[in-house]
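This one's a predicted model, so the numbers in the text were calculated from it and none came from an experiment.
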Amino acid sequence: MSRRHRLSRSRDFDAVYRRGRSFSTRFLVLYAFPREDDREGGPRLGLAVSRKLGGAVERNRLKRRLRAVFEELREGLPAGHDYVLVARPGLAEAVESRGFPWLTERVADVFRLSAGTGS
RNA sequence: CGUGCAGGCCGGGUGACCGCGGGCCGCGCGAGCGGCUCGAGGAAAGUCCGGACACCGCAGGGCAGGACGCUGGGGAAACCCCAGGCGGCGAAAGCCGACGGAAAGUGGCACAGAAAGGAGACCGCCACCGGCGAAACUUCAUCUCCGGAGACGCCGGCGGUAAGGGUGAAAAGGUGGGGUAAGAGCCCACCAGCGUCGUGGUGACACGGCGGCUGCCAAACCCCGUCCGGUGCAAGGCGAACAGGCUCCGCUCGUAGGCUGCCCGCCGAGGAGCCGGGUGCGCCGCUCGAGCCUCCGGGCGACCGGAGGCCCAGAUGGAUGGUCACCUCCGACAGAAUCCGGCUUACAGGCCUGCUACGGAAA
RNA sequence: GCCGACGUAGCUCAGCUGGUAGAGCACUUCACUCGUAAUGAAGGGGUCCCCGGUUCGAGUCCGGGCGUCGGCU
C-alpha cells in the first residue's frame with residue numbers, strides 16, 4: 001500500500017473527522033469524506049489505533065493487517081474519497097483467534113455500510 | 001547422566017506469489033517505471049544514572065541546593081565494570097551487601113520500665129552511728145540476785161554499691177574465676193570492640209605486642225572527601241506563511257528587565273499583558289560511531305595497544321506484512337524515532353563451556 | 001519522543017519532623033415521626049497500589065515495578 005493511498009497530514013485527518021460521516025460496527029469505526037479538490041484520484045486511508053489496543057508490536061501488526069485488507073478492497077471503492085478507520089478495543093484479540101479472512105469480512109462490512117448510505 | 005552454581009550464545013529456518021521504506025544506477029520534461037542492494041532488539045522497553053551534541057548574549061565568583069561514599073584499577077563519565085578486603089547466607093561450587101565518620105556538635109530511642117546515656121539509683125544488698133526489743137544464744141564481771149557488751153530483729157540517719165529486680169528491640173562490654181563489708185575491668189584468663197606501636201601489603205585490611213575502658217540510629221540533621229550551570233532533537237538552524245490594534249511599565253540617574261533560587265558581578269533599550277492575524281508545512285540536524293568483525297601483543301581481569309577487513313535502519317500518520325508448503329508440536333518477552341555507555345525490568349524453548357556436593361552407571 | 005505530578009475507607013481528601021491511621025459524605029442499628037426527610041446517639045468498614053531494603057518499628061525514609069492524570073510540536 002503506497003503512500004499515495006494513505007492520509008499523510010494532520011489537516012486531512014481533521015477534515016475527515018470534522019466533515020465526514022461515520023459508520024460503526026462492533027470492532028471498527030469508519031469515517032468517510034469525499035474530497036472536493038480531487039474527485040478522480042484513488043481512495044485514501046488513514047488508521048487510528050489507540051494505546052488501549054495494546055503495545056507497539058500489537059498495534060503495528062494490526063495496522064499492517066488493516067492496510068493489507070484495504071489493499072484487497074481498494075479496487076471496489078469509489079474514487080475521490082478519504083477514509084479513517086478506527087480500531088476499537090478487543091479487535092486485536094479477535095483477529096488473533098479468528099484469523100485474517102474474518103478481519104477482511106469485518107472491514108468489508110463497514111465499507112458496505114458507507115456505500116449503502118451513498119455519499 | 002541427573003540435581004545445583006557460574007559464564008557465554010541463539011531466540012525461527014527454507015522456498016513460492018503479491019506488497020512496503022532508504023540508498024545507488026539507468027530511462028523519462030514530469031507523476032513515475034526498471035535493476036541492484038540494505039532494512040528493528042537483547043532487551044529497541046522503563047526513562048533510573050552518565051555523557052556526546054544543541055541552545056540559553058559571555059558562563060565569572062560565592063552561598064544555597066543536589067548526587068555519590070570500603071580499597072586499588074579500568075573507563076569520556078556514571079546509582080557502571082573488574083580484582084581485592086570486610087561482613088552476612090550456603091554442606092560446597094558460589095551468591096548478596098548505599099560498606100566513610102557516633103572519640104566534632106545537635107537531636108531521637110514510642111509503650112513498658114527505677115533508669116534509654118554522661119544521670120550516677122526506685123526497690124534491693126552492705127558498713128558505720130543513734131534509738132527500741134519479752135525470752136532463748138555468745139561473752140565480760142560476780143557467791144547469788146541485779147547488770148554491761150555482742151549477735152539477731154525493727155525504726156531512723158549518714159554513707160558505700162551496681163551483682164539481682166516484673167519491663168523492653170536494646171539495660172551501661174560478654175562468659176568464668178579471684179577479690180570484698182557488700183560489690184564493681186577492681187584484678188586475671190578467653191572472646192568482641194576501640195586507640196596506639198611494630199610487621200606484611202600500593203591500599204582497604206590482616207597478624208602480633210601494649211594500653212585504657214566500651215549502647216543504637218547518620219536510607220535523622222550533620223561533618224569530611226569527590227563531583228555537578230540550566231534546558232532538552234517537540235534542543236536548535238534555514239526557508240515558506242502572517243506581520244494590525246489597545247493598555248501598562250521604562251528610556252541612558254545603568255533604573256524596567258535579563259543572566260534557573262539568593263548575593264556579588266556582568267549585560268542593558270526596550271519589556272509585560274490582552275484582542276486580532278498566520279503557521280499547524282518543506283529542507284537541515286539525521287546517522288561513520290567512545291562503531292562492528294578477525295588476528296596478534298600486554299594484563300589475573302575489566303580493558304588497552306597494533307594490523308587487516310567491513311558500512312550495518314534512518315522513517316516523519318511513521319516502513320518487515322498477507323496467502324501458502326515443509327521442517328514430528330515452531331513457540332516467549334516484545335517494534336528504532338538524535339546518538340552512545342550502563343543499570344533495572346520482561347522473557348517459551350534450546351545450545352556450549354567450566355565448577356561443586358550427592359546419587360546412579362562404566363572402567 | 002521528552003518532561004512532570006499523583007496513588008490512603010464505597011467517594012472526596014487529611015496525616016508536619018518515623019511510634020501502630022483519621023475527617024466529611026455514604027452505609028447499618030436505635031431514638032424522634034402516623035410515615036419519610038432532616039436531626040441526635042451508637043457502630044461497622046483499610047493488603048495505606050505492589051515488591052524489596054534501612055530501623056526495634058515504615059502510610060511516612062531509600063531503591064525497583066505497576067497504574068492513572070497532565071504539559072511540551
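A ring-centre distance under 6.0 Å is not found for F23(A) and F111(A).
When rounded to the nearest whole Å, the span between CG of L47(A) and C1' of C20(B) equals 14 Å. Atom CD in E71(A) sits about 12 Å away from atom P in U320(B), given to the nearest Å. Atom C1' of nucleotide G322(B) and atom CD of E72(A) are separated by 7 Å, given to the nearest angstrom. For the pair F70(A) CZ and G321(B) C1', the computed distance is 16 Å after rounding to whole Å. Atom-to-atom, CD of E58(A) to C1' of A44(B) comes out at 18 Å; the value is rounded to the nearest Å. The nearest whole Å value for the distance from the CZ atom in R51(A) to the P atom in G70(C) is 13 Å. One can place CG of D12(A) at 15 Å from C1' of G318(B), the figure rounded to the nearest angstrom. For the pair K63(A) NZ and G317(B) C1', the interatomic distance rounds to 7 Å; values are reported in whole Å.
For A127(B), there is no paired base (Watson-Crick or G-U wobble, both distances below 3.5 Å). The base-pairing partner of G153(B), taking Watson-Crick or G-U wobble contacts with both distances under 3.5 Å, is C132(B). Shown here, A189(B) forms a base pair with U175(B); the pair counts as Watson-Crick or G-U wobble because both key distances fall under 3.5 Å. In this structure, A307(B) forms a base pair with U294(B), meeting either the Watson-Crick or the G-U wobble geometry with both donor-acceptor distances under 3.5 Å. Across all strands shown, G1(C) pairs with C72(C); the Watson-Crick or G-U wobble distances both stay below 3.5 Å. G105(B): Watson-Crick or G-U partner is C221(B), with both key distances under 3.5 Å. The partner of U28(C), taking Watson-Crick or G-U wobble pairs whose two distances both stay under 3.5 Å, is A42(C). Across all strands shown, nothing is found opposite C288(B) as a Watson-Crick or G-U wobble partner with both distances under 3.5 Å.
Each of R61(A) and Y17(A) lies near RNA chain B, and the nucleotide nearest Y17(A) is the one positioned closer to the 5' end.
One C1' atom belongs to U8(C), the other to A40(B), and the distance between them is 43 Å to the nearest Å. For G239(B) and G318(B), the C1' atoms lie 24 Å apart once the distance is rounded to whole Å. C55(B) and C347(B) have their P atoms separated by 44 Å, with the value rounded to a whole Å. Remark: the separation of the P atoms in C253(B) and A269(B) is 12 Å, to the nearest Å. Look at the C1' atom in both G349(B) and G331(B): the space between them is 7 Å, to the nearest Å. Comparing the C1' positions of C63(B) and A240(B) gives an interatomic distance of 49 Å, to the nearest angstrom. Taking atom C1' on both G65(C) and C25(C), the two are 34 Å apart, rounded to the nearest angstrom. Comparing G85(B) with C5(B), their P atoms are spaced 25 Å from each other, to the whole Å.
Between E105(A) and R98(A) there is no salt bridge, since no side-chain nitrogen of the basic residue lies less than 4.0 Å from a carboxylate oxygen of the acidic one. In summary, D14(A) and R19(A) do not engage in a salt bridge, as defined by a charged side-chain N under 4.0 Å from a carboxylate O. R61(A) and E58(A) are not joined by a salt bridge, as no carboxylate oxygen comes within less than 4.0 angstrom of a charged side-chain nitrogen.
Side chain of R59(A) to main chain of G54(A): a donor-acceptor pair is present (N/O by atom type, distance under 3.5 Å, no hydrogens or angles). In terms of modelled atom types and a separation under 3.5 Å, the side chain of R88(A) and the main chain of T25(A) share a donor-acceptor contact.
Between R65(A) and G322(B) there is a side-chain polar atom (N or O) within less than 4.0 angstrom of OP1 or OP2. For the OP1/OP2 pair of C20(B) and a distance below 4.0 Å, the side-chain nitrogens and oxygens of R6(A) include no atom meeting the criterion.
Using a 4.0 Å heavy-atom cutoff across all strands shown, R59(A) reaches no nucleic acid atom at all.
Anti is the conformation of U320(B), whose glycosidic angle sits further than 90° from 0. Classified by its glycosidic torsion, C10(B) falls in the anti category, the angle being over 90° from 0. Nucleotide G203(B) carries an anti base; the chi torsion (O4'-C1'-N9-C4 or O4'-C1'-N1-C2) is more than 90° from 0. Its glycosidic angle being within 90° of 0, G42(B) falls on the syn side. Under the 90° criterion around 0 for the glycosidic angle, A121(B) counts as anti.
Side chain of A56(A), nearest nucleotide from G317(B), A334(B), G335(B): G335(B). Listed candidates were G317(B), U323(B), G335(B). Nearest to the side chain of P101(A) is U323(B). Closest to the side chain of N60(A), out of G335(B), G322(B), G318(B), is G335(B). In the set A334(B), A319(B), U323(B), U323(B) carries the atom at the smallest distance from any side-chain atom of F100(A).
If you take CG on L53(A) and CD on E93(A), they are separated by 7.5 Å, rounding to the nearest 0.5 Å.
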Using side-chain contact (heavy atoms from CB on, under 4.5 Å), reason through V84(A) and D12(A) one step at a time and then give a plain yes or no. CA-CA 10 Å; V84(A) 173; D12(A) 296 334; over 6 Å; no
Apply the test side-chain contact (heavy atoms from CB on, under 4.5 Å) to residues E72(A) and T104(A): give CA-CA distance (whole Å), side-chain angles for both, the deciding distance (0.1 Å), then the verdict. CA-CA 9 Å; E72(A) 285 185 21; T104(A) 308; 3.9 Å; yes
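A donor-acceptor contact under 3.5 Å is formed by the side chain of R64(A) with the base of G335(B).
For the pair V29(A) and V110(A), the minimum side-chain heavy-atom distance is 4.5 Å or more.
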Sub-3.5 Å pairs of nitrogen or oxygen atoms, protein against nucleotides 313-315 of chain B:
{"residue": "A315(B)", "atom": "O3'", "partner": "R3(A)", "partner atom": "NH2", "Å": "3.4"}

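In this pair, H81(A) and Y83(A) present their aromatic rings parallel. The plane angle is below 30°, not in the 30 to 60° band.
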